[in-house]
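Here's the structure, in structure tokens; my notes come after.
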Amino acid sequence: GKSSGPAGKNLKLGCLAISERMVQWIKEGLTPLGYNVEIVMFDANQLPAVALKDGNVDGIIANHRQWMQTFNKENNCNLEMVQPYLFRSFYAIYSLKYKKVADIPQNAQIVIPGDPTNLSRSLIILREAGLITLKDKTGHFYTVLDIKDNPKKIKLIEAEITHTARSIQDADAVIATAYHISAKTKIDPRDVVFEDPQNKDYPLGLIVRSEDVNSAWVKEAVKIYRSEQYRAKFNEVYKGQYFLFD
Amino acid sequence: MITARNLTKSFGDTHVLRGLDVHIERGGIYGLAGRSGAGKSTLLRCINGLERYDSGSLIVDGIDVKTLSGKAMMAFRKNIGMVFQHFSLLERLNVYDNVALPLRCWKYKSAFIDRKVRDLLEIVGIPEKIRQRPRELSGGQKQRVAIARALTMDPHILLCDEATSALDPKTSKAIIDLLKQINGQMEITIVFVTHQMSVIRGLCKEIAIIENGKVAVSGTVEDVFRQQPGALKNLIGEGDAGPGGEGMKTITLLLPREIAGPLIARMAVQLGCDLTIQGGDPLLSGEDPEGLTISFPEKDRLGVEGYLAGHNVAWKDADTQNTRSSDRVDAYGKAYETQVPGIRPDLL
Amino acid sequence: MITARNLTKSFGDTHVLRGLDVHIERGGIYGLAGRSGAGKSTLLRCINGLERYDSGSLIVDGIDVKTLSGKAMMAFRKNIGMVFQHFSLLERLNVYDNVALPLRCWKYKSAFIDRKVRDLLEIVGIPEKIRQRPRELSGGQKQRVAIARALTMDPHILLCDEATSALDPKTSKAIIDLLKQINGQMEITIVFVTHQMSVIRGLCKEIAIIENGKVAVSGTVEDVFRQQPGALKNLIGEGDAGPGGEGMKTITLLLPREIAGPLIARMAVQLGCDLTIQGGDPLLSGEDPEGLTISFPEKDRLGVEGYLAGHNVAWKDADTQNTRSSDRVDAYGKAYETQVPGIRPDLL
Amino acid sequence: MIPDGYWAYWWRYFDGIIAPSIGATLRMLSVSMLFSFIGGFILAYFLILYGPQGLRPDRSKYRVLDFMVSSIRSFPIIILIVAISPITRMVVGTTIGERAAILPLTVAATPFMARIIENSLRGVDRQLIEAARSFGASDFQIIMKVMVKESVPMIVAGTTLATITYLAATTVAGAVGAGGLGAVALNYGYQSFNNTVLYTSVMILFIMVLIIQRVGDWLYKKIL
Amino acid sequence: MIPDGYWAYWWRYFDGIIAPSIGATLRMLSVSMLFSFIGGFILAYFLILYGPQGLRPDRSKYRVLDFMVSSIRSFPIIILIVAISPITRMVVGTTIGERAAILPLTVAATPFMARIIENSLRGVDRQLIEAARSFGASDFQIIMKVMVKESVPMIVAGTTLATITYLAATTVAGAVGAGGLGAVALNYGYQSFNNTVLYTSVMILFIMVLIIQRVGDWLYKKIL
Ligand SMILES: Nc1ncnc2c1ncn2[C@@H]1O[C@H](COP(=O)(O)OP(=O)(O)OP(=O)(O)O)[C@@H](O)[C@H]1O
Ligand SMILES: Nc1ncnc2c1ncn2[C@@H]1O[C@H](COP(=O)(O)OP(=O)(O)OP(=O)(O)O)[C@@H](O)[C@H]1O
Ligand SMILES: [Mg+2]
Ligand SMILES: [Mg+2]
């Protein structure tokens with residue numbers, strides 16, 4: 001950091017609505033160690049990463065690693081996700097009407113997240129589920145332009161990520177995270193139509209600038225989120241929604 | 001038709017009407033005069049209920065205006081046309097649509113509206129401006145549109161607030177003739193607020209002068225102008241130099257009654273003017289006042305003076321107390337002897 | 001001061017000014033009259049550059065208005081006050097601020113502004129309305145605010161567009177006296193548009209009547225009213241019944257010249273009226289026209305008729321061709337013999 | 001400067017993603033502006049009728065209206081979408097897609113339009129209202145034939161303003177899967193690090209704004 | 001009905017999250033409205049000066065201004081935030097937080113205010129402008145002392161409208177981590193499916209809207 005560098009033990013940590021608690025617990029752990037931590041909450045988009053890159057915050061828990069790598073490429077920067085990673089989300093196809101992928105009818109409406117990484121990920125889920133096939137990726141992400149075959153003529157509706165779960169009543173199926181599904185609906189998040197096989201490939205965790213990876217506070221932070229206490233709290237709050245890495 | 005009793009109306013601290021009484025007969029043309037700010041417009045606006053009055057009563061066509069509201073008020077107003085002092089034309093409608101507006105509101109057939117509007121614009125003399133917007137009209141043209149609009153509904157009562165103030169004399173006369181004509185044909189009651197005395201004299205049958213929020217004088221136009229009460233003088237100023245200088249003039253002939261009487265009679269006939277003999281001048285003499293005091297409309301003053309000068313008769317002006325026509329007249333009784341020879345019996 | 005040459009101005013198809021020529025002297029009070037819609041307001045607005053004219057020239061104070069713009073135009077207008085026909089007061093400013101506005105724009109000291117504004121409001125007679133908004137004023141009060149505003153800058157030229165139309169006669173007279181006074185004291189040139197003939201006669205020295213976009217008549221007020229040109233008749237209507245009925249009257253005395261001459265002279269003095277001897281009546285006789293034709297202001301008609309009746313003189317009305325005062329007069333030359341005894345030398 | 005194949009690349013996005021979203025934007029905008037104009041007009045009618053300086057002042061009725069208008073305006077539009085989603089489902093049958101976005105957009109724009117129209121109507125000279133009263137016009141006629149008539153230019157200018165404001169607001173419609181240029185600019189452009197898409201869609205938005213403004217100004221001038 | 005401990009739960013969110021965001025909202029709103037009013041006023045001044053029916057019509061200057069105003073208005077605010085972030089960094093020194101949110105909010109609101117003020121000024125009676133011209137007022141004075149003076153009520157009403165509009169828009173400030181009620185409603189409420197927070201913050205927004213509207217109406221009435 002430039003002005004509010006970790007040397008001064010003043011830290012700014014960025015988060016999203018979903019990760020606010022996780023950062024909060026880290027803050028609670030760092031404070032007794034003499035760190036002065038401020039939490040900045042962002043809407044879900046690339047601004048937390050931009051802020052991190054610019055030195056306006058010192059660490060974020062917001063985006064998954066895949067996205068971070070793209071961001072690095074696009075912005076010629078070196079953000080790094082601290083290992084061990086913290087958690088992963090659980091994506092799946094959910095539906096109120098159908099139990100199996102095979103049941104999904106012709107011309108079905110499937111609501112998928114519209115932001116690029118999740119859209120890309122959703123397209124892969126659909127491909128893995130055998131509903132569509134994809135061409136070669138042209139950009140960083142798959143887009144609907146990359147769909148090659150769509151035998152069931154499935155209609156994809158790109159919505160805001162939380163809205164996918166909200167609209168489950170109105171669609172034939174949605175692609176959503178366990179977190180959103182369990183928060184908004186009474187569905188058991190494990191009651192999936194099709195689980196995303198890539199779930200493990202999208203780790204989330206504390207992202208910092210690469211030069212800070214070995215700094216003292218990061219080490220402390222890792223210690224904190226690897227602690228049993230932290231894990232217990234996490235599992236209590238996000239049980240069945242997000243999954244810690246072992 | 002319109003009766004106000006003890007009408008009061010204030011705007012905050014400004015007491016505009018303070019117990020005004022007025023009675024306007026059906027079918028009459030009633031003039032309202034008064035100094036600027038006297039409350040004439042306010043009274044008009046009370047009559048058609050645009051302004052609520054504070055106390056007293058105001059009965060129009062048998063109904064107290066204050067009791068009206070909603071549909072009844074609308075129906076009431078339908079029969080009352082009003083020409084506003086500021087015209088109040090809709091800027092975004094052309095002349096045709098402005099005049100047609102009341103008819104449209106009362107859902108007349110469009111063929112009827114068309115005929116009516118064109119007729120009225122013809123009458124007020126601006127048929128060629130039919131498609132113009134108010135902003136493209138001169139002041140007088142706007143006023144005529146306002147007059148036309150007030151007449152569209154064939155109202156029973158027409159309230160005119162200085163409806164000819166922006167018009168040239170000829171157009172003004174044409175409008176006045178029009179008002180007289182519709183008043184005669186259709187028994188419309190017209191209340192006409194104006195500062196133009198000539199309009200009052202030319203148009204109105206009765207008049208009220210508003211002063212201090214009350215009617216200071218009212219009566220027929222002739223009576224008021226003949227008696228020339230203080231309120232009238234307040235309005236048009238002393239002397240006769242003022243614009244539209246009007247009023248009554250009073251003089252005393254400095255002649256024995258037996259001569260003065262026939263002279264006056266003869267003069268009245270020859271001049272065709274309205275002379276009133278008021279009797280002897282109480283100021284002039286003690287027990288047996290001699291001479292005769294007459295009054296006559298201001299407009300006839302020069303005629304009278306010319307006649308008297310022609311007969312070498314001296315007289316005394318009641319307003320100025322100056323004597324005229326003879327330098328040697330210093331007191332009544334000494335003067336007339338020199339005059340009598342000048343009055344040849346064959347001229348009387 | 002103000003010279004318009006061949007001025008033209010159209011609004012689209014409406015040709016308002018069509019080659020108007022007018023010359024207004026410095027320090028004069030110039031009346032502009034004309035039928036409603038004649039282009040009076042348009043001319044005024046051209047004079048201070050509010051409206052661009054199409055062709056011709058308009059030189060005000062040595063400068064062609066058309067050449068002005070920006071700062072020069074502002075400085076030019078600073079010296080020209082204008083009373084608008086529609087007052088054009090700012091609704092959201094009170095009377096004080098409305099009148100003070102020009103001074104504020106020219107950055108006068110506030111103590112000066114305060115004194116000036118209060119003085120002016122005193123003069124126009126509405127000091128008690130100083131904190132009122134225009135919406136709370138009567139029509140005449142608004143007009144007086146507009147007059148006060150036009151006077152704040154002590155303009156060299158004052159353009160008044162029907163500036164007394166909403167005022168009662170007394171207030172109107174006071175304003176006119178005020179204008180006369182400032183005209184006398186400060187050499188202000190005043191251009192006064194009005195429909196009130198009495199105002200023109202009471203205020204203006206010269207007058208122009210606009211007809212068909214041109215000046216139909218212009219000259220001193222006396223000349224114009226004496227000659228009573230067609231344009232004047234068009235404006236005020238035929239006859240004298242019209243409001244403010246004005247004009248000139250022409251009659252021929254049915255008397256030999258040697259008697260008529262002294263009679264006329266004497267009459268002029270005694271009536272204090274403006275008689276003009278026009279010469280013999282060419283219609284009356286062949287080779288040697290007898291009798292004298294005189295003309296005099298319409299307002300003196302009754303005086304003259306009274307005087308003539310008093311002297312038993314017969315006359316002939318030029319307009320109506322009727323003879324008056326003697327039933328037996330059928331032709332000139334036979335009548336006067338019976339009259340001559342009636343004219344006693346001691347009365348001449 | 002421009003690399004080979006750039007236009008093919010551009011065209012691929014334009015044709016596949018941007019072009020359809022133009023239609024979506026226009027449909028959402030025009031339908032929601034139409035309905036919100038009607039709704040706003042009706043609300044403004046009653047606000048003017050019952051307002052404190054209105055034709056028939058009625059404190060309690062005005063309060064209710066004012067309350068309604070203010071309460072809707074206090075919802076950030078994305079939250080409004082959620083808050084009225086049961087109604088949306090009832091009315092439109094779904095809470096996703098273009099048609100589902102139109103209702104919340106309309107609901108959001110209606111009180112805005114109501115205020116715009118109310119403000120315009122409030123500007124009408126009271127003398128004109130009196131003149132209309134003097135010949136017995138009803139309150140309805142006074143509003144429709146006098147106040148509305150006289151303030152049409154103001155209303156046109158206000159509607160232009162509102163239309164441009166809600167053009168940007170259609171971006172939010174992307175949240176419910178309605179697409180539209182704003183959402184494309186956001187998701188396919190900005191978030192996907194794709195400047196081509198980003199600037200193309202912003203450029204198209206800009207052209208739309210210009211056209212709306214020009215049409216509005218032209219109407220204003222024509223109508224004045 | 002209300003479960004035990006609900007109020008404690010509510011208080012936890014209110015005290016910890018909602019209450020601080022009220023201050024943030026008020027600060028962002030007031031500062032950005034202040035600056036955008038000033039900026040909008042200046043723009044409106046020139047729009048009115050050079051506009052087609054303006055005091056000193058100048059087609060090309062007007063085009064430039066119109067272009068500027070329209071182009072800013074065509075950016076969805078979230079994209080505007082990104083587009084001007086280099087400027088934000090230069091001016092504010094950071095691109096996150098409350099202070100960094102104020103600049104884009106101001107930039108977004110400025111052309112809106114400009115149009116609001118322009119529309120108000122356009123409504124001024126031309127006769128009054130002429131009257132001012134007749135005593136030699138400069139264009140600046142005509143605009144400031146006549147047009148602005150006369151349209152103050154309209155401008156007040158328009159500013160009320162704009163303030164309420166941008167109160168909702170501060171929601172977007174959440175994107176740059178500036179907090180505020182809208183962001184709380186969105187992040188802690190909507191995205192976290194927490195209806196308590198959602199409706200509490202909307203309720204507070206509603207109260208703010210009511211207050212702004214009341215103050216605006218009161219000013220309007222007082223000033224009329
Ligand atoms: N809305 C108002 N608020 C306060 N005072 C008012 C209001 N309307 C009128 N007045 C005052 O009431 C008085 C009477 O006004 P009104 O318009 O009736 O006069 P008027 O006789 O028509 O005068 P004018 O001949 O000048 O038109 C004036 O002194 C005026 O200032
Ligand atoms: N902006 C305009 N557009 C079109 N025609 C106009 C415009 N302004 C004035 N006119 C026309 O020009 C003519 C002259 O108008 P002007 O106002 O000069 O008349 P005026 O002599 O002042 O009449 P009045 O005595 O009635 O005030 C009128 O016929 C009017 O209709
Ligand atoms: Mg009046
Ligand atoms: Mg005029």
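Just so we're clear, the structure is a prediction, and the values are computed from it rather than from any experiment. First the proteins, then the strands, lettered A, B, ... as listed; each starts at 1.
Of the possible donor and acceptor atoms, one in the side chain of A/Ser95 sits under 3.5 Å from a partner among the backbone N and O of A/Asp172.
When the candidates A/Ile157, A/Val111, A/Leu145 are compared by the number of heavy-atom contacts under 4.5 Å with chain D, A/Leu145 comes out ahead. Your options are A/Leu47, A/Asn75, A/Thr162, and the one with the most heavy-atom pairs under 4.5 Å with chain D is A/Leu47. Ranked by heavy-atom pairs shorter than 4.5 Å toward chain D, the options A/His140, A/Lys155, A/Gln169 are led by A/Gln169.
Listed in order of number, the residues of residues 107-124 of chain D that approach chain A to under 4.5 Å between heavy atoms amount to none.
Contacts between A/Glu74 and chain D at a heavy-atom distance below 4.5 Å involve the side chain alone, from C-beta outward. Of the atoms belonging to A/Leu119, it is side-chain heavy atoms, and not backbone ones, that fall under 4.5 Å from chain D. For D/Ile81, the part sitting under 4.5 Å from any heavy atom of chain A is the side chain, from C-beta outward, and nothing else. If you measure heavy-atom distances from D/Tyr9 to chain A, you find no contacts under 4.5 Å at all.
Ring geometry, A/Tyr238 versus A/Tyr179: the interplanar angle falls from 30° to 60°, so the pair is classed tilted.
Note on A/Asp201 versus A/Arg88: no salt bridge recorded, every NZ/NE/NH1/NH2 to OD/OE distance being 4.0 Å or above. For the pair D/Arg12 and A/Asp146, the salt-bridge criterion is met [side-chain N within less than 4.0 Å of a carboxylate O].
Between the side chains of D/Thr196 and D/Tyr6, at least one donor-acceptor pair of N or O atoms lies under 3.5 Å. Side chain to side chain, A/Tyr91 and A/Arg121 fail the donor-acceptor criterion of an N or O pair below 3.5 Å.
Note that CG of D/Asn194 is 10.0 Å distant from CZ of A/Phe141, once rounded to the nearest 0.5 Å.
The six-membered or imidazole ring of A/Phe71 lies near that of A/Trp67, with a centre-to-centre distance under 6.0 Å.
Looking only at side-chain heavy atoms (C-beta outward), A/Ser167 and D/Val176 stay at 4.5 Å or farther from each other.
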